[in-house]
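Quick caveat, the model's predicted, so the values are computed rather than measured. Protein chains get the first letters and strands the later ones, always in sequence-line order, with residue 1 at the start of each.
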2 protein chains.
Amino acid sequence: MPARTGRPPKISRADIVSAAHRIIDAEGIHGLTMRRLAREVGTTAMALYHHVRDKDELLRLLLDEYAAGIELSDVPGGDPVERVVSAATAMRAALVGSPWIVEVLRADDLLSVHALWFPETIIDGLVGAGLEPEEAVDAYRIIWHYTAGEISARAAAARRRDRGGPTYRGQVFAGLDPDETPRLAALGERWEELTARDTYDKGVRALVRGLVTGP
Amino acid sequence: MPARTGRPPKISRADIVSAAHRIIDAEGIHGLTMRRLAREVGTTAMALYHHVRDKDELLRLLLDEYAAGIELSDVPGGDPVERVVSAATAMRAALVGSPWIVEVLRADDLLSVHALWFPETIIDGLVGAGLEPEEAVDAYRIIWHYTAGEISARAAAARRRDRGGPTYRGQVFAGLDPDETPRLAALGERWEELTARDTYDKGVRALVRGLVTGP
DNA sequence: GTTGTTTTTTATACATGTATAGAAAGTAGC
DNA sequence: GCTACTTTCTATACATGTATAAAAAACAAC
């Protein structure tokens with residue numbers, strides 16, 4: 001039945017993925033290039049492309065491995081709203097350490113095959129709170145958009161901080177007209193400080209509350 | 001006082017930005033490369049780097065020009081919640097046509113110098129709804145994260161659709177265990193259809209409602 | 001005018017993802 | 001064993017953003 005034909009492969013998808021894992025652990029996501037990966041596997045860059053469609057697919061495979069290792073935190077049984085908030089917070093916690101994952105996902109709001117626990121739990125909680133299944137899907141996607149946006153913004157801010165350089169905000173606040181934008185002008189210097197806060201929890205609570213209470 | 005010294009410049013920032021604008025109009029954001037831009041301006045790629053720090057700065061300059069041309073829609077006077085929703089919707093409408101802008105912004109939740117009307121109006125509306133200014137800033141950022149996430153996901157989905165190829169979702173739903181994820185299994189085929197819906201309005205309404213009503 | 005200084009431009013180079021073409025290494029039919 | 005076919009791998013090439021070094025073009029001091 002196997003009856004393999006053709007030149008026998010020297011490397012496998014699994015080899016690639018585990019080598020990629022090693023590189024990321026040792027050098028961070030930044031060190032993961034196709035050529036570097038090829039060297040680690042002991043082949044050429046283009047040979048990798050016979051096993052993965054492109055780098056994005058490779059990242060998705062990594063995500064999947066990673067997701068399989070996520071500790072699913074226990075979610076409180078009682079209030080459905082609280083369950084949804086907990087699950088969303090756990091989802092965010094799982095992703096926030098590897099923001100590159102969010103770049104890969106984005107369109108794929110389902111995360112990974114091994115991370116379906118998150119949408120499942122959130123949707124279940126939303127149905128428990130009284131939403132129709134279709135509405136719960138909408139609500140889940142809304143929560144996902146918020147979560148992805150927050151992680152992405154957080155990662156971008158961290159990158160900028162690393163690279164230094166003048167923030168764009170400074171420029172914005174320098175040329176600020178108090179007549180046109182009184183609220184912003186009043187905030188002034190405090191903007192930097194205020195926008196350093198972690199608002200995820202606040203946001204997800206408001207969002208879930210707003211979603212489960214009708215208009 | 002001017003007393004310019006040094007080799008006289010052949011090109012200016014303004015030249016660069018307007019040439020970039022021309023390219024984007026004619027060929028889309030995809031056609032905007034540093035070399036293509038240099039050709040349009042009549043110089044070399046590296047010469048551009050004496051006028052802009054990097055491509056991101058160039059994109060920010062473009063955004064700023066673009067923002068200056070945005071029609072500020074009138075926002076209803078009455079209900080503060082409705083004002084915030086309108087302003088957020090206008091912000092999203094302004095950005096959704098050029099999703100690359102969101103990639104540039106992300107960390108810079110203030111948009112552009114010429115688009116401060118959006119945060120100003122939103123924060124003002126939130127204060128009008130009873131929030132303290134600090135809370136209103138938090139709330140604005142939360143709304144921004146949601147908006148950026150939604151646009152980003154939408155753009156990624158469109159890109160994927162263009163390129164074709166099997167969706168990751170298909171793979172996810174293929175190997176789905178109804179015991180572990182009953183809600184998702186029940187949805188099954190409908191996922192694709194359900195997730196094609198535009199949920200921005202629903203989300204932003206829920207979010208603002210949740211934000212202005214205390215916990 | 002020669003020499004130095006400053007600013008801008010050019011030339012060259014590199015790492016990256018990935019396309020394309022062809023070589024290599026196996027099996028199957030005869 | 002020879003030919004055809006299939007799969008995998010290798011070599012080469014390209015476009016991209018951008019670093020670095022050198023050259024060019026102006027002015028100022030003497």
Side-chain angles (χ1 to χ4, degrees), chain A residues 1-17 19-20 23-24 26-63 100 103-104 106 156 159-160 162-165, chain B residues 1-17 19-20 23-24 26-63 100 103-104 106 156 159-160 162-165:
Chain A
M1 186 62 71
R4 303 261 316 106
T5 180
R7 176 172 178 169
K10 296 170 57 174
I11 60 174
S12 70
R13 241 170 130 103
D15 294 339
I16 294 175
V17 172
I23 293 174
I24 290 185
E27 306 165 32
I29 185 70
H30 194 69
L32 184 67
T33 73
M34 296 307 273
R35 286 175 176 82
R36 173 79 186 78
L37 180 56
R39 194 162 13 107
E40 184 83 14
V41 179
T43 182
T44 65
M46 290 315 293
L48 302 175
Y49 284 85
H50 260 264
H51 303 266
V52 297
R53 165 195 293 257
D54 53 20
K55 195 178 179 183
D56 260 30
E57 179 170 306
L58 170 64
L59 293 177
R60 248 192 296 273
L61 292 171
L62 282 172
L63 161 64
W100 55 271
E103 309 304 305
V104 177
R106 281 219 281 238
R159 246 180 322 228
R160 176 125 355 140
D162 285 352
R163 278 208 272 134
Chain B
M1 185 61 72
R4 303 260 317 105
T5 179
R7 178 173 177 166
K10 296 171 59 173
I11 60 175
S12 69
R13 240 170 131 102
D15 293 340
I16 293 175
V17 172
I23 293 174
I24 290 185
E27 306 165 33
I29 185 70
H30 194 71
L32 184 67
T33 73
M34 295 307 271
R35 286 173 176 82
R36 173 78 188 76
L37 180 56
R39 192 160 17 104
E40 184 82 15
V41 180
T43 181
T44 65
M46 290 316 293
L48 303 175
Y49 284 85
H50 259 266
H51 302 267
V52 298
R53 165 195 292 256
D54 54 20
K55 195 178 179 184
D56 260 29
E57 178 169 305
L58 170 64
L59 292 178
R60 247 192 294 273
L61 292 171
L62 282 171
L63 161 64
W100 55 270
E103 310 303 305
V104 177
R106 281 218 284 232
R159 248 179 322 227
R160 176 126 353 141
D162 285 354
R163 278 209 272 136

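As rounded to whole Å, 12 Å separates atom C1' of dA15(D) from atom CZ of Arg39(B). Rounded to whole angstrom, the span from the CD1 atom of Ile11(A) across to the P atom of dC9(D) amounts to 5 Å. If you take CG of Leu59(B) and P of dT16(D), they are 15 Å apart, rounded to a whole angstrom. Distance CH2 (Trp100(A)) to P (dG17(C)): 14 Å, rounded to an integer number of Å. As rounded to whole Å, 6 Å separates atom C1' of dA19(D) from atom CE of Met46(B). Following rounding to the nearest Å, Leu48(A) (CG) and dG17(C) (P) show an atom-to-atom distance of 10 Å. One can place CD of Glu57(A) at 15 Å from P of dG17(C), the figure rounded to the nearest angstrom. The CE-P distance, from Met34(A) to dT16(C), rounds to 12 Å in whole Å.
Minimum atom distance to the side chain of Thr43(B) is reached by dT10(C), of the listed dA26(D), dT10(C), dT8(D). Side-chain proximity of Pro8(A) to dG26(C), dT18(C), dT8(D): nearest is dG26(C).
For Ala45(A) and Arg35(A), each mapped to the nucleotide of DNA chain D holding its nearest heavy atom, the one lying further toward the 5' end belongs to Ala45(A). Residue Asp54(B) is the one, among Asp54(B) and Gly6(B), whose nearest nucleotide of DNA chain D lies closer to the 5' end (criterion: closest heavy atom). Place His50(A) and Arg36(A) on DNA chain C by their nearest nucleotides, and Arg36(A) ends up nearer the 5' end.
Rounding to the nearest 0.5 angstrom, the gap separating the CD atom in Glu40(A) from the CG atom in Leu48(A) is 11.5 Å.
No donor-acceptor contact under 3.5 Å links the side chain of Arg7(A) to the base of dT10(D). A donor and an acceptor atom never sit less than 3.5 Å apart when one is taken from the side chain of Arg53(B) and the other from the base of dT18(D).
Residue Lys10(B) has a polar side-chain atom (N or O) positioned under 4.0 Å from OP1 or OP2 of dT10(C). The side chain of Thr5(B) contributes no N or O atom lying less than 4.0 Å from OP1 or OP2 of dC27(D).
When atom types are taken as modelled, the side chain of Arg13(A) and the backbone of His51(A) share a donor-acceptor pair closer than 3.5 angstrom.
Summarising the geometry of Ile24(A) relative to Trp100(A), their closest heavy-atom pair is CD1-CZ2, 4.4 Å, with the distance given to 0.1 Å. Minimum heavy-atom separation, Val17(B) to Leu62(B): O-CD2, 3.8 Å. Leu58(A) and Ala20(A) get closest at one heavy-atom pair: CD1-CB, 4.3 Å.
Heavy atoms of Thr44(B) sit under 4.0 angstrom from at least one base atom. Leu37(B) comes within contact range of no nucleotide atom at all, as no heavy-atom separation falls under 4.0 Å.
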